[in-house]
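Working notes, structure below.
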Amino acid sequence: MEYKSLQIKDADVNLEQRIIRAYASTFDLDQGNDIIHPGSFKKTISERLDRVKVLRNHSDLIGRPISAIEDGKGLLTESYIGKHDLGEETLMLAKDGILDSLSIGYSVPSGKSNYSGDIRNIHEVKLFEWSVVDFPMNEAARIIDVKSIETAIKNGKLNQKELKSLVDMLGDLTALLKDEPSSDTLTIEQPQDLSELKNLIKNWGKSAQ
């Protein structure tokens with residue numbers, strides 16, 4: 001599963017009706033060098049919106065979708081937030097502008113994306129959830145993606161661009177363990193082959209101790 005976050009500067013939070021109305025995704029170039037194109041959400045909205053979840057930080061269930069529509073800007077969502085402690089907290093923090101990011105959890109069906117140089121153009125999205133998140137992409141998404149790294153390497157699914165991003169991510173994670181900015185703490189040369197990269201992944205945490 002992939003994750004993509006968006007700051008919700010113009011979120012409409014209705015405390016009485018317990019509804020958050022905000023864009024979960026927009027049709028422009030994001031920090032991950034992806035563009036989700038108009039029409040990408042139409043199939044998943046029509047076929048599986050009733051199976052989509054509303055989460056907090058991609059893990060805790062806090063509500064359910066009321067609606068999701070594509071307009072000229074992106075995917076505009078309305079979410080009902082449940083009557084429980086985490087729901088109450090989420091509503092209040094969103095209303096106060098303290099929580100200000102949404103993130104989608106999705107996959108891209110085979111053959112529904114293509115590259116233009118370094119930019120990935122996405123033409124169809126299978127949506128699983130959207131989340132109100134404490135931290136927007138890339139901080140939260142990179143940490144979650146660590147779980148699938150070794151599988152991706154074994155299956156030979158990482159291209160050179162992804163390998164470079166992975167090395168950068170390892171530096172960021174090591175810096176997080178040190179509680180220091182990554183730009184000042186760690187420089188890792190890009191591995192020349194997958195065996196070197198795999199060894200680096202297995203031992204990256206040790207360098208932070």
Side-chain angles (χ1 to χ4, degrees), residues 1-14 17-84 86-87 90-91 94 99-116 119-134 136-138 140-145 147-149 151-152 155 157-159 162:
M1 186 184 298
E2 299 185 55
Y3 301 93
K4 200 174 298 293
S5 301
L6 177 71
Q7 190 173 15
I8 48 176
K9 297 180 180 179
D10 302 317
D12 180 9
V13 181
N14 187 312
Q17 297 183 15
R18 311 187 65 81
I19 292 173
I20 296 178
R21 185 174 186 267
Y23 284 94
S25 182
T26 56
F27 301 133
D28 51 17
L29 185 65
D30 69 12
Q31 297 178 47
N33 236 26
D34 292 339
I35 299 177
I36 295 180
H37 288 266
S40 296
F41 293 100
K42 288 184 177 179
K43 180 178 172 64
T44 198
I45 289 172
S46 65
E47 293 183 355
R48 55 177 289 111
L49 185 60
D50 60 339
R51 298 173 61 189
V52 173
K53 305 300 183 182
V54 178
L55 306 179
R56 176 81 176 268
N57 292 325
H58 299 294
S59 60
D60 298 309
L61 184 64
I62 60 170
R64 58 176 172 78
I66 296 175
S67 67
I69 61 170
E70 281 195 14
D71 62 13
K73 181 177 179 180
L75 182 66
L76 181 61
T77 66
E78 286 191 345
S79 308
Y80 173 80
I81 307 301
K83 296 180 180 179
H84 45 77
L86 187 57
T90 300
L91 277 172
L99 284 178
D100 63 352
S101 296
L102 280 187
S103 180
I104 58 173
Y106 68 100
S107 65
V108 179
S110 178
K112 298 300 181 179
S113 67
N114 63 275
Y115 279 89
S116 299
I119 297 174
R120 181 174 64 156
N121 297 285
I122 297 173
H123 301 287
E124 185 181 322
V125 165
K126 184 176 182 180
L127 188 64
F128 297 99
E129 50 93 1
W130 62 75
S131 291
V132 181
V133 294
D134 297 352
M137 183 184 176
N138 289 323
R142 283 182 172 180
I143 293 171
I144 294 170
D145 284 345
K147 297 176 182 178
S148 61
I149 288 174
T151 298
N155 293 336
K157 292 184 178 180
L158 295 179
N159 58 36
E162 291 168 332

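Every value quoted in this text rests on a predicted model; they were computed, and no experiment measured them.
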Separation between [atom1] of [X] and [atom2] of [Y], rounded to the nearest 0.5 Å:
| X | Y | atom1 | atom2 | result |
| --- | --- | --- | --- | --- |
| Ser107 | Glu124 | OG | CD | 9.0 Å |
| Thr26 | Leu76 | OG1 | CG | 12.0 Å |
| Gln17 | Ile81 | CD | CD1 | 13.0 Å |
| Leu55 | Leu86 | CG | CG | 10.0 Å |
| Ile35 | Ile119 | CD1 | CD1 | 5.0 Å |
| Lys83 | Leu91 | NZ | CG | 11.0 Å |

### Task
Identify which one of Glu129, Arg56, Lys53, His84 satisfies the side chain to side chain contact (heavy atoms under 4.5 Å, CB included) criterion when paired with Leu61.
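Only match with Leu61 under side chain to side chain contact (heavy atoms under 4.5 Å, CB included): Lys53.
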### Heavy atoms of other groups near Arg48 CZ, more than 12 under 6.0 Å
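Yes - once you tally the heavy atoms of other residues, nucleotides and ligands closer than 6.0 Å, there are more than 12.
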Does [X] reach the main-chain N or O of [Y] with its side chain, forming a donor-acceptor pair under 3.5 Å?
| X | Y | value |
| --- | --- | --- |
| Arg51 | Phe128 | no |
| Ser40 | His37 | yes |
| Glu47 | Lys126 | no |
| Glu2 | Val108 | no |
| Glu70 | Gly39 | yes |

Within-4.5 Å side-chain heavy-atom neighbours: [X] and [Y]:
| X | Y | value |
| --- | --- | --- |
| Arg21 | Asn14 | no |
| Asp134 | Leu99 | yes |
| Trp130 | Val54 | yes |

What are the two closest heavy atoms between [X] and [Y], and how far apart are they?
| X | Y | answer |
| --- | --- | --- |
| Val133 | Ser103 | CG1-CB, 3.7 Å |
| Tyr106 | Leu127 | CB-CA, 4.3 Å |
| Phe27 | Asp71 | CE1-O, 3.3 Å |
| Asn121 | Ser116 | ND2-OG, 2.9 Å |
| Ser25 | Ile36 | OG-CD1, 3.7 Å |
| Ser131 | His58 | OG-N, 3.0 Å |

### Task
Kindly write out the residues that satisfy side-chain hydrogen bond (donor to acceptor under 3.5 Å, both in side chains) with Asp50, not counting sequence neighbours, or none if the list is empty.
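With neighbours one apart ignored, the set is empty.
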### Query
Looking only at side chains, do Asn57 and Ser59 share a donor and an acceptor under 3.5 Å apart?
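Asn57 vs Ser59: no donor-acceptor pair found between side chains.
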